[in-house]
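Report on one structure; see the data block that follows.
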Amino acid sequence: GIQVEQSPPDLILQEGANSTLRCNFSDSVNNLQWFHQNPWGQLINLFYIPSGTKQNGRLSATTVATERYSLLYISSSQTTDSGVYFCAVYSGGGADGLTFGKGTHLIIQP
Amino acid sequence: DTGVSQDPRHKITKRGQNVTFRCDPISEHNRLYWYRQTLGQGPEFLTYFQNEAQLEKSRLLSDRFSAERPKGSFSTLEIQRTEQGDSAMYLCASSLGGGASGSGEQFFGPGTRLTVL
């Protein structure tokens with residue numbers, strides 16, 4: 001099945017810093033989503049971005065499907081941005097669930 | 001709030017007991033998914049329904065697991081003869097999907113955290 005690798009696995013930043021999270025995937029995908037998992041376990045949708053670039057406030061994402069990667073940018077980090085960020089892809093072909101990476105654990109220090 | 005809801009939020013049980021979880025999807029969504037997440041890992045796909053039909057099951061879904069979605073609305077996930085290895089967060093998601101575009105954007109519920117003693 002498709003493989004999803006996220007980097008870095010852990011990231012510690014000071015409040016106000018910018019960060020880039022990367023997601024590489026091993027095969028072509030129909031869908032790609034970025035999530036933020038809060039300390040209570042809730043997965044919060046950030047972007048649905050199988051290709052192209054989207055922005056939402058301080059967050060933006062770019063997926064280059066032909067090169068099999070996606071990037072999530074967080075600017076002017078706040079402590080509330082802390083948590084785990086997951087990339088998940090849907091490749092189709094009978095496996096209709098999302099395949100998740102292992103996540104990037106982000107800690108924003110005040 | 002019209003998001004995905006799950007019940008219960010927490011369940012503690014003894015090894016060998018049966019447990020059942022419920023998921024209520026977003027009302028207009030035709031697809032419903034179950035995932036399992038263990039500590040330090042991303043969620044792993046278990047099974048999904050399109051309307052009332054169960055169309056795909058992961059190898060992770062052993063014979064002790066069964067899922068239903070009667071009438072294509074809410075879904076239940078039952079685990080029989082629970083084992084300590086079943087301890088995990090069980091997540092439900094729903095989407096409006098189908099066709100060449102794939103699954104559509106999936107929205108997740110808050111999860112049910114299962115602890116098997």
Side-chain angles (χ1 to χ4, degrees), chain A residues 1-7 9-10 21 23-25 27-52 54 56 61 63 65 70 72 83-106, chain B residues 1 3-6 8-10 26 29-51 53-61 67 88-115:
Chain A
I2 193 168
Q3 304 296 312
V4 180
E5 293 186 0
Q6 292 187 242
S7 60
D10 301 283
L21 282 56
C23 172
N24 292 334
F25 42 94
D27 204 346
S28 59
V29 299
N30 291 324
N31 300 334
L32 185 145
Q33 293 187 240
W34 282 98
F35 298 92
H36 176 208
Q37 189 164 43
N38 67 20
W40 298 272
Q42 174 77 57
L43 283 166
I44 299 164
N45 289 41
L46 298 178
F47 293 101
Y48 174 63
I49 186 167
S51 64
K54 291 186 177 180
N56 184 5
T63 297
S70 183
L72 177 68
V84 183
Y85 289 80
F86 286 105
C87 167
V89 302
Y90 167 75
S91 60
D96 273 73
L98 290 170
T99 300
F100 283 75
K102 292 189 175 183
T104 292
H105 187 196
L106 177 64
Chain B
D1 184 30
V4 179
S5 61
Q6 293 186 245
R9 296 291 304 278
H10 302 272
I26 294 171
H29 284 182
N30 60 340
R31 290 193 171 195
L32 186 148
Y33 308 80
W34 286 99
Y35 293 82
R36 180 173 66 188
Q37 185 177 21
T38 53
L39 199 62
Q41 302 296 315
E44 295 174 295
F45 167 72
L46 293 178
T47 189
Y48 100 97
F49 293 83
Q50 178 149 321
N51 300 312
Q54 188 173 14
L55 295 186
E56 191 70 27
K57 290 194 286 188
S58 161
R59 293 188 305 274
L60 295 175
L61 210 67
M89 174 79 90
Y90 289 84
L91 294 162
C92 175
S94 70
S95 73
L96 185 63
S101 63
S103 67
E105 184 175 5
Q106 293 187 29
F107 295 85
F108 282 77
T112 294
R113 189 172 296 280
L114 173 66
T115 302

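A quick note: this is a predicted structure, and the numbers were derived from the prediction, not measured. Just so we're on the same page: letters track the sequence lines, and every chain starts at 1.
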Considering only heavy atoms and a distance below 4.5 Å, find which of [options] pairs most often with chain A.
{"options": "B/Q106, B/M89, B/Q41", "answer": "B/Q106"}
{"options": "B/S95, B/S58, B/P43", "answer": "B/P43"}
{"options": "B/G109, B/G111, B/G40", "answer": "B/G109"}

Item to complete: Could you label the plane-to-plane angle of the B/F45 and B/Y35 rings as parallel, tilted or perpendicular, counting under 30° as parallel and over 60° as perpendicular?
Response: perpendicular
Worksheet item: If we only count heavy atoms from C-beta on, is the A/I44 to A/N38 side-chain gap below 4.5 Å?
Response: yes
Item to complete: Report yes if some heavy atom in the side chain of A/F47 is under 4.5 Å from a heavy atom in the side chain of A/T63; otherwise report no.
Response: no
Fill in: B/L46 versus chain A, the contacting section by heavy-atom distance below 4.5 Å
neither
Worksheet item: Which region of B/E44, side chain (C-beta onward) or backbone (N, CA, C, O), has a non-hydrogen atom less than 4.5 Å from a non-hydrogen atom of chain A, or is it both or neither?
Response: neither
Discussion item. Run the side chain to side chain donor-acceptor pair (under 3.5 Å) test against A/Q6 and tell me which residues pass, sequence neighbours left out.
Written reply: none
Worksheet, complete the sentence: Residues at least two apart in sequence or cross-chain that pass side chain to side chain contact (heavy atoms under 4.5 Å, CB included) with B/E105, listed by chain then number, are A/Q33, A/N45, A/Y48, B/F107
